Amino acid sequence: MPTESDELDRFERAILAALQRNARQSVQELAEAVGLSTSPTWRRLKALEERGVIKDYVARVDPARLGYGETAFAHVTLAKHDGEQIEAFERKIAERPEVLEFYSMTGSADYILRIVTRSPLDYEKFLKEVVFTSPAVQHISSNFALREIKNSVAIPV
């Protein structure tokens, strides 16, 4: 739940919406887009960064253009909930570059991972070398995406 200090005014919301469409625009362009002059826009932008509302700036890359044509979703169930084994498993998975998203879940699986690979064989190698070697894992269920319909990182503001 947001605290009072996390509440955003209409200009901050406009800044966030504009940056989520194009994070490469200059402060001048951003100011014009939100209807403020450059200095107040820059101050609001810096405040949003300092408060952690803006986490970072990244370039979204098309995985297929880099040879990562497969997206797999792995539902992982733990064998037992031993603290050390869980921490080791989480560290091991989190450090893998092909794991794009990694969530602890409620429901039938303990974790869900979104993984990009070049091929199903590469995914099998990932499972054998990374997932199956963890004593924390009891079961894994995998699904491959057939096609991407929507993929967005923009948060509604």
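For clarity, every value in this text was computed on a predicted model and none was experimentally measured.
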Under the ring-ring contact (aromatic ring centres under 6.0 Å, His included) rule, what pairs show up with a residue in residues 47-76, not counting sequence neighbours? none
Greater than 12 external heavy atoms within 6.0 Å of Leu146's CG: no
Report yes if some heavy atom in the side chain of Arg43 is under 4.5 Å from a heavy atom in the side chain of Lys46; otherwise report no. no
Partners passing side-chain hydrogen bond (donor to acceptor under 3.5 Å, both in side chains) against Ser26 (at least two apart in sequence or in another chain): Glu29
With sequence neighbours excluded, residues passing side chain to side chain contact (heavy atoms under 4.5 Å, CB included) with Arg21: Ala17, Ala18
Would you say CD of Glu84 has more than 12 non-hydrogen atoms from neighbouring residues, nucleotides or ligands within 6.0 angstrom? no
Locate the shortest heavy-atom distance separating Ala74 from Tyr123; write the atom from each residue and the value. CB-OH, 3.4 Å
Could you tell me if Gln28 and Thr38 have a donor-acceptor pair between their side chains, going purely by distance under 3.5 Å? yes
Not counting sequence neighbours, which residues clear salt bridge (Lys or Arg N to Asp or Glu O under 4.0 Å) with Arg114? List them please. Glu101
Please name all residues satisfying salt bridge (Lys or Arg N to Asp or Glu O under 4.0 Å) with Lys125, sequence neighbours left out, ordered by chain then number. none
For Leu121, give me all partners under side chain to side chain contact (heavy atoms under 4.5 Å, CB included), at least two apart in sequence or on another chain. Ser119, Glu124
side-chain hydrogen bond (donor to acceptor under 3.5 Å, both in side chains) partners for Gln85, two or more places apart: none
Do the side chains of Ile93 and Tyr111 get nearer than 4.5 Å, heavy atoms only? no
Return the CG to OG distance between Leu78 and Ser134, rounded to the nearest 0.5 Å. 8.0 Å
Going by salt bridge (Lys or Arg N to Asp or Glu O under 4.0 Å), name the residues that satisfy it together with Asp9, two or more places apart in sequence or in a different chain. Arg44
If I take atom CD from residue Glu87 and atom CG from residue Asp82, how far apart are they, to the nearest 0.5 angstrom? 9.0 Å
Mind checking what makes side chain to side chain contact (heavy atoms under 4.5 Å, CB included) contact with Leu48, not counting sequence neighbours? Leu8, Glu12, Ile15, Leu16, Arg51, Val53, Ile54
Side chain to side chain contact (heavy atoms under 4.5 Å, CB included) against Thr133, all qualifying residues, sequence neighbours excluded: Lys92
Which distance, rounded to the nearest 0.5 Å, do you find between the CZ of Phe126 and the CD1 of Ile115? 4.0 Å
Which residues share a side-chain hydrogen bond (donor to acceptor under 3.5 Å, both in side chains) with Asp110, sequence neighbours left out: His81
Qualifying residues under salt bridge (Lys or Arg N to Asp or Glu O under 4.0 Å), relative to Arg96, sequence neighbours excluded: Glu98
Mind checking the NE2-OG spacing from His139 to Ser141? Nearest 0.5 Å is all I need. 5.0 Å
